[in-house]
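Scroll down for the structure; my scribbles are underneath it.
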Amino acid sequence: MARTTYRYVDWSLGTDPEQPLQRRIECASCPAASGDSPGQLGPEQWALRHAGATGHRGYREIAIAHLQARPAGEEA
């Protein structure tokens, strides 16, 4: 009979360095939204232009980060 040894490993969760953070701003008054962008400037400019054109004042920012689970101590 084979013997099995189990080893407990701590895990950590962190961002995937190969996948940039994506941001998008959506209008809270209508279905309009900025495109996804790795930076904040593009979506913010879109929201300000949209506010000026429509008078809509409510927005929500969506940030998407890709994550990876790794055994503790393992480099990204």
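Heavy-atom basis, side chains included; hydrogens, waters and symmetry copies ignored. Index from 1, following the sequence.
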CG of L48 to OG of S34, rounded to nearest 0.5 Å, is 11.5 Å
Find the distance between CD1 (I64) and CG (D36) and round it off to the nearest 0.5 Å.
->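 Answer rounded to 0.5 Å: 5.5 Å.
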Going through the checks in order, is the side chain to side chain contact (heavy atoms under 4.5 Å, CB included) test met by T15 and L67?
-> CA-CA 4 Å; T15 58; L67 305 174; 4.1 Å; yes
In chain order, what residues pass the salt bridge (Lys or Arg N to Asp or Glu O under 4.0 Å) check against D16, with sequence neighbours excluded?
->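 Counting only residues at least two positions away or on another chain, D16 forms no salt bridge (Lys or Arg N to Asp or Glu O under 4.0 Å).
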If we only count heavy atoms from C-beta on, is the I25 to E44 side-chain gap below 4.5 Å?
->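 Contact flag for I25/E44 side chains = yes.
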If you look at every heavy atom in P20 and P38, which pair is closest and at what distance?
-> CB-CB, 4.3 Å
What is the minimum heavy-atom distance between P71 and V9, and which atoms define it?
->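 Closest heavy-atom pair between P71 and V9: CB-CG1, 3.7 Å.
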Pairs satisfying ring-ring contact (aromatic ring centres under 6.0 Å, His included), at least one member in residues 16-46, at least two apart = W46-H50
Residues which pass side chain to side chain donor-acceptor pair (under 3.5 Å) with R60, listed by chain and number, not counting sequence neighbours = E26
Please lay out, stage by stage, how E61 and R24 fare under the test side chain to side chain contact (heavy atoms under 4.5 Å, CB included).
-> CA-CA 6 Å; E61 181 179 29; R24 172 176 65 245; over 6 Å; no
